[in-house]
Amino acid sequence: MNSCSKVDFEVSAGISSHPDFDQHENVAVHNDDCLQAIIAIHNTNLGPAAGGCRIYPYGSTHAAIADVLRLSRGMTYKSAMAGLPYGGGKSVIIADPATDKSPRLLTAMGDFIESLQGKYIAAEDSGTTVEDIKLMAKRTRYVSGYSAKEKNGGDPSPVTALGVFYGIEEAVKHQHGKSLKGMKVAVQGVGNVGINLVRLLKEAKAKVIVADANAARVAEVVRQFKVACCSTEKILSTEVDVLAPCALGGAINSETIASLQANIVAGAANNQLQSDELGALLMEKGILYAPDYVINCGGIMDIYHQQQGIRDSAEIKRKLEIIRENLSAIFEESNRSNRATNIVADELAREKFQSGKVHHVAA
Ligand code: NAD
């Protein structure tokens, strides 16, 4: 699909009857010859709706809508759990990031974001880079994650990876009462977050196996970190202690759950469970699930810190400790009440954002 040619793009006026619609405050659509994009604002009780801009060649408008509705909802829950004064939002551009990106597309997206006048703040997501955000920033003030003053040029992925690493450590401590040394970890997807996670896991002396749909990426990670690799088909059922989904959503679904060998699922990807019921099935199988938006909130925390000018890495590490605290509380409550961790997390997050009070100001 070429992003600057007209595609079949229709968003039904009855979006509120979409199965993934969950009292979203606003769903804005841009559709012209240059840009087909959707911005979904789920909830702004705690502050402006913040969340990444994903560029993906969705097979249908329906798939793009489902993604943006689910992802924006997840951002509300994520920011609430991270104690940030942010609501939840997300945007998707229907295009292939490998072939369709152009300054025209990205500045048009900047205009679209600006048109919401700060109700939505965008940053990187799958398919967008720091350079893309910089182009959007030519047209809008409401983007973050591209500051030249930041160590990684503003890319939040390394901080996301650090938070995920803390979360994996917490899950291993809870499940096995030990450190990561010698534990086998499978990383599905070694993109911006996955590669940084592999580095941290290796430093902690874990045994790592990786897979990625991009063969060149796998070769680079194997060369750089001397880790094992396998096919994308095998990575979910490989015999490991921890499975870290760091690709796209839906890694845990009705087909993959039967062959999981890990007894911990803890990774960066959003919407790892294809449906909420799978959380209870994981629990029945004795698999500890670290709810995705609880463990992967390092990126949105980093976006917030960049906006606040917080750069001290010791301070950032200290703030990321909220991930261990939250997971520990969720795991304990799950044990106590015999309810799945994703259900316990949802309940905690809802209490926080529905109260309208920021519970743990991260600055
Ligand atoms: P990315 O696009 O840089 O990396 C994703 C990688 O997954 C790519 O290398 C891709 O080739 C690979 N992949 C795709 N399908 C695959 C499959 N079936 N099997 C194996 N590999 C596959 O994205 P990212 O920024 O690293 O983010 C990874 C995940 O974490 C996404 O779900 C994203 O939404 C989530 N996340 C990212 C951040 C962040 O700061 N970047 C923050 C929170 C959550």
Side-chain angles (χ1 to χ4, degrees), residues 50-57 67-68 70-72 74-75 77-79 81-82 84 86 88 90-92 96-98 101 122-133 144-146 150 152-165 167 186-199 209-221 229-238 243-253 255-256 266-274 290-306 316 320 323:
C53 173
R54 176 169 291 188
I55 305 183
Y56 189 76
D67 213 25
V68 79
R70 287 194 79 189
L71 289 165
S72 57
M75 288 309 297
Y77 284 66
K78 188 184 304 197
S79 285
M81 284 303 283
L84 297 172
Y86 278 156
K90 204 86 180 184
S91 57
V92 295
D96 187 336
K101 284 200 272 190
E124 292 86 352
D125 196 77
S126 193
T128 41
T129 63
V130 171
E131 293 312 310
D132 301 336
I133 300 294
S144 185
Y146 66 97
E150 305 300 329
N152 304 296
D155 175 11
S157 307
V159 180
T160 302
L162 184 59
V164 171
F165 176 74
V187 181
Q188 180 206 34
V190 281
N192 293 328
V193 178
I195 192 170
N196 283 291
L197 180 62
V198 168
R199 177 177 46 79
I209 178 161
V210 304
D212 196 292
N214 178 338
R217 194 76 188 175
V218 174
E220 173 55 25
V221 171
C229 66
C230 68
S231 70
T232 53
E233 289 75 34
K234 285 234 174 88
I235 192 78
L236 297 175
S237 58
T238 189
L243 169 67
C246 296
L248 293 181
I252 311 300
N253 56 49
E255 280 166 30
T256 57
N270 287 309
N271 298 329
Q272 288 170 37
L273 306 183
Q274 199 175 51
D292 44 17
Y293 62 80
V294 180
I295 189 172
N296 73 11
C297 69
I300 192 69
M301 292 180 77
D302 189 50
I303 293 298
Y304 179 69
H305 296 149
Q306 288 186 37
I316 288 168
L320 285 180
I323 294 174

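For clarity, every value in this text was computed on a predicted model and none was experimentally measured. Side chains included, hydrogens not; waters and symmetry mates left out as well; all remaining heavy atoms used. Counting convention: from 1, in listed order, for ligands and their atoms alike.
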Peer 1: Say whether Val190, considering both its backbone and side-chain N or O atoms, lies within less than 3.5 Å of an N or O atom on ligand 1.
Peer 2: no
Peer 1: Tell me if a side-chain donor or acceptor on Thr128 pairs with a main-chain N or O of Cys53 at a distance below 3.5 Å.
Peer 2: yes
Peer 1: Test side-chain contact (heavy atoms from CB on, under 4.5 Å) on Arg70 and Asn270 and set out the steps.
Peer 2: CA-CA 9 Å; Arg70 287 194 79 189; Asn270 287 309; over 6 Å; no
Peer 1: Closer than 4.0 Å to some heavy atom of Ala213 - which atoms of ligand 1 meet that?
Peer 2: 16 (C), 20 (C), 21 (N), 22 (C)
Peer 1: Please report the interatomic distance CD1(Ile303) to CD1(Ile133), rounded to the nearest 0.5 Å.
Peer 2: 8.0 Å
Peer 1: Ignoring hydrogens and angles, tell me if any N or O in the side chain of Gln272 forms a donor-acceptor pair with the backbone of Gly267 under 3.5 Å.
Peer 2: yes
Peer 1: Has ligand 1 got any nitrogen or oxygen that is less than 3.5 angstrom from a nitrogen or oxygen of Arg54?
Peer 2: yes
Peer 1: Please say whether Gly127 places an N or O atom under 3.5 Å from an N or O atom belonging to ligand 1.
Peer 2: no
Peer 1: Within the side chain of Arg54, is there an N or O that forms a donor-acceptor pair under 3.5 Å with the backbone of Gly127?
Peer 2: no
Peer 1: How far is atom 27 (O) of ligand 1 from its nearest protein heavy atom, and which residue and atom is that?
Peer 2: Val193 CG2, 3.9 Å
Peer 1: Against heavy atoms of Lys78, which atoms of ligand 1 measure under 4.0 Å?
Peer 2: 43 (C)
Peer 1: Assess the residue pair Met75 and Ile300 against the criterion (side-chain contact (heavy atoms from CB on, under 4.5 Å)); give the C-alpha distance rounded to whole Å, side-chain angles, the decisive distance to 0.1 Å, and a yes or no.
Peer 2: CA-CA 9 Å; Met75 288 309 297; Ile300 192 69; 3.8 Å; yes
Peer 1: Suppose we measure from atom 16 (C) of ligand 1 to each protein heavy atom; which comes out shortest, and what is that distance?
Peer 2: Ala247 CB, 3.7 Å
Peer 1: Would you confirm whether Asp292, through its side chain, and Asn271, through its main-chain N or O, come within 3.5 Å as a donor-acceptor pair?
Peer 2: yes
Peer 1: Let me see the working for Val159 and His305 under side-chain contact (heavy atoms from CB on, under 4.5 Å), right down to the final yes or no.
Peer 2: CA-CA 11 Å; Val159 180; His305 296 149; 5.9 Å; no
Peer 1: Just verifying a value: how many Å separate Ser231 OG and Leu236 CG, rounded to the nearest 0.5 Å?
Peer 2: 9.5 Å
Peer 1: Any N/O of Asp212 closer than 3.5 Å to an N/O of ligand 1?
Peer 2: yes
Peer 1: Donor-acceptor check, side chain of Asp132 to backbone of Thr129, threshold 3.5 angstrom: yes or no?
Peer 2: yes
Peer 1: Among all protein heavy atoms, pick out the one at the shortest distance from atom 5 (C) of ligand 1; state its residue, atom name and that distance to 0.1 Å.
Peer 2: Cys246 O, 3.9 Å
Peer 1: Has Thr160 got a side-chain atom pairing as donor or acceptor with Pro156's backbone, closer than 3.5 angstrom?
Peer 2: yes
Peer 1: With backbone taken as N, CA, C and O and side chain as the heavy atoms from C-beta onward, which portion of Asn296 lies under 4.0 Å from ligand 1: side chain, backbone, both, or neither?
Peer 2: both
Peer 1: Can you report which non-hydrogen protein atom sits closest to atom 41 (N) of ligand 1, along with the distance?
Peer 2: Ser157 OG, 3.2 Å
Peer 1: How far is atom 18 (N) of ligand 1 from the closest protein heavy atom, and which atom is that?
Peer 2: Gln188 NE2, 4.3 Å
Peer 1: In terms of residue, atom name and distance, what is the protein heavy atom nearest to atom 40 (O) of ligand 1?
Peer 2: Thr160 OG1, 2.6 Å
Peer 1: Output yes when the distance from some N or O of ligand 1 to some N or O of Thr232 is under 3.5 Å, and no in every other case.
Peer 2: no
Peer 1: When you measure from atom 2 (O) of ligand 1 to every protein heavy atom, which one gives the shortest distance, and what is it?
Peer 2: Ser126 OG, 3.1 Å
Peer 1: Nearest non-hydrogen contact with atom 4 (O) of ligand 1 belongs to which option: Gly191, Pro245, Ala211, Ala161?
Peer 2: Gly191
Peer 1: Looking only at N/O atoms, are Asn192 and ligand 1 under 3.5 Å apart anywhere?
Peer 2: yes
Peer 1: Under a 4.0 Å heavy-atom limit, does Asp125 contact ligand 1 with its side chain, its backbone, both, or neither?
Peer 2: side chain
Peer 1: For the 3.5 Å polar cut-off, considering only N or O atoms, please tell me whether Leu248 and ligand 1 meet it.
Peer 2: no
Peer 1: For ligand 1, is there an N or O atom under 3.5 Å from any N or O atom of Ala268?
Peer 2: yes
Peer 1: Side chains of Asn253 and Thr256: donor-acceptor distance under 3.5 Å anywhere?
Peer 2: yes
